[in-house]
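Working notes, beginning with the structure itself.
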Amino acid sequence: MRIVHLTDSMSNTANGIVNVVVDLATTQAAQGHEVWVVSAGGDWYDLLHAHGVSTAEVDFSRRAPRQLPATLRRVRGLLRRLDPDVVHSHTLTPAVLASVAAPRVPSVATVHNEFQRGVGVMGLSDAVVCVSGAVERAMRRRPLARRKTCTVTNATIGSPRRPGRPAAADLGHPAVVAVGSVTRRKGSDVLVAAFGRVAEAHPDAQLWFVGNVDEPDTLEAAAGAPWSDRVHTVGSVADPRPHLYGADIAVTASRRDPFPLVVGEQREAGLACVVSSADGLPEAVDHGAAGVVFPSGDVDALARTLDRLLGDEAARADLGERARRGLERAHVTRMTGEYLAVYDRLLAEGRRR
């Protein structure tokens with residue numbers, strides 16, 4: 001099968017959408033398919049080429065009214081030349097352009113962020129794949145996507161982006177780690193407030209944020225506090241796993257989060273996983289079987305969970321063991337197989353507009 005993936009960029013900037021495209025394209029190529037990735041380029045191209053994936057460049061950010069016709073012509077010409085069996089878009093603009101440029105080619109759009117403005121137009125594609133059941137339920141309410149949706153949850157274990165097991169970072173113990181941008185959407189303020197409530201009772205506990213500090217005000221609760229020296233920010237890193245293997249507890253306190261890849265990595269590292277009830281996060285920990293789920297935005301509930309886990313090494317170990325169970329669902333081969341089944345279904349139906 002000849003598969004063309006369209007997305008905005010292939011830069012290694014800890015972007016979950018980009019990482020899914022890398023994992024999906026390389027695994028599909030390893031299974032014998034002819035795979036292309038079309039984007040504005042980036043440093044992941046070298047890895048794609050090393051795994052037999054071909055690339056081409058289109059700058060999908062050129063979408064101003066005067067620029068869009070040229071971008072559309074570029075996409076149309078490229079798809080005519082490549083003659084794909086399936087076009088798979090991962091962001092909004094490529095999905096719209098693909099539906100216009102190649103209306104007779106079966107098209108798939110993956111909705112990674114349902115809360116993105118205008119995401120409903122991705123329903124112009126023949127199949128709308130959602131990264132969690134929560135995202136699918138939301139997309140079913142979008143008129144263009146109705147009756148086209150299915151769910152394929154994200155996976156990252158076995159990715160060529162993550163070869164081997166890294167050395168653990170020295171974070172101190174017990175250490176709580178949160179991977180992702182430091183923002184209100186990621187619930188960074190909720191985690192800081194909850195940590196502050198238990199910091200005195202656990203004087204050795206450390207809190208680490210691994211990701212860009214995009215909204216510094218979310219950390220204000222730590223400013224000037226007696227425990228402020230135990231709250232650490234390390235910025236964005238290419239591979240967060242050293243911090244995961246050096247930690248004891250992983251917290252994802254998001255207010256909105258479709259299905260973050262990092263939860264699978266946290267489970268693989270055997271961490272005690274704590275997630276909020278937002279969007280697809282409960283699905284990422286098997287609805288509580290592989291981690292603790294607390295109500296999104298509830299500082300008290302998160303503080304109670306941290307207090308219990310920080311003071312009970314056996315409870316942390318038990319949660320870590322539970323986190324490692326069922327990890328075949330978090331493997332890239334499972335994700336790839338489910339996407340190929342979507343492609344096969346469209347081809348079998350002879351889907352054409």
Within a strict 4.5 Å, meaning less than it, do heavy atoms of the Arg74 and Thr71 side chains meet? no

Would a distance-only check, ignoring hydrogens and angles, find a side-chain to backbone donor-acceptor pair under 3.5 Å from Thr55 to Val37? no

Quick one: does any side-chain atom of Ser107 pair with a main-chain N or O of Pro103 as donor and acceptor, under 3.5 Å? no

Quick one: does Thr233's side chain have a donor or acceptor within less than 3.5 Å of a partner on Gly235's backbone? no

State the CD-CD1 distance between Gln28 and Ile3, to the nearest 0.5 angstrom. 4.0 Å

Checking Tyr45 against Glu57: is there a side-chain donor and acceptor pair closer than 3.5 Å? no

Check the side chains of Arg142 and Thr149 for a donor-acceptor pair under 3.5 angstrom, ignoring hydrogens and angles. no

Any donor-acceptor N/O pair, Glu215 side chain to Arg184 backbone, under 3.5 Å: yes

Ignoring hydrogens and geometry beyond distance, is a side-chain donor-acceptor pair present between Thr26 and Arg161 at under 3.5 Å? no

Return yes when atom CD of Glu313 has more than 12 non-hydrogen atoms of other residues, nucleotides or ligands closer than 6.0 Å, and no otherwise. no

Distance-only, no hydrogens or angles: does the Ser296 side chain make a donor-acceptor pair with backbone N or O of Ser254 under 3.5 Å? yes

Do Phe259 and Val285 sit in the same hydrophobic cluster, where Ile, Leu, Val, Met, Phe, Trp and Tyr count as joined when their side-chain heavy atoms come under 4.5 Å apart? no

Lys/Arg-Asp/Glu bridge criterion (N-O < 4.0 Å) met for Arg322, Asp318: yes

Could you walk me through whether Val119 and Asn113 pass the side-chain contact (heavy atoms from CB on, under 4.5 Å) test, one step at a time? CA-CA 8 Å; Val119 73; Asn113 293 315; over 6 Å; no

Under 3.5 Å side-chain donor-acceptor pair for Thr13 and Ser11: no

Donor-acceptor contact present, side-chain Trp44 to main-chain Val18, <3.5 Å: no

Other residues, nucleotides, ligands: >12 heavy atoms within 6.0 Å of Asp170 CG: no

Hydrophobic clustering (ILVMFWY, side-chain heavy atoms < 4.5 Å, transitive) - are Leu144 and Val135 grouped together? yes

If we ignore hydrogens and angles and just use 3.5 Å, is the side chain of Arg316 paired with the main-chain N or O of Leu310 as donor and acceptor? yes

Is a salt bridge present between Arg162 and Asp23, judged by a nitrogen-to-oxygen distance below 4.0 Å? no

Can you check whether Ile157's main-chain N or O pairs, donor with acceptor, with Glu268's side chain at less than 3.5 Å? no

Sole candidate of Thr91, Leu97, Val58, Val87 that passes side-chain contact (heavy atoms from CB on, under 4.5 Å) when paired with Leu6: Val87

Can you see which heavy atom on Glu34 is nearest to which on Arg2, and at what distance? OE1-NE, 3.1 Å

Do the rings of His88 and Tyr343 sit parallel, tilted or perpendicular, given the 30° and 60° boundaries? perpendicular

From CD (Glu265) to OG1 (Thr156), nearest 0.5 Å: 4.5 Å

Any side-chain donor-acceptor pair under 3.5 Å between Thr183 and Asp214? no

Can you establish whether the number of heavy atoms outside Glu200 located under 6.0 Å from its atom CD is more than 12? no

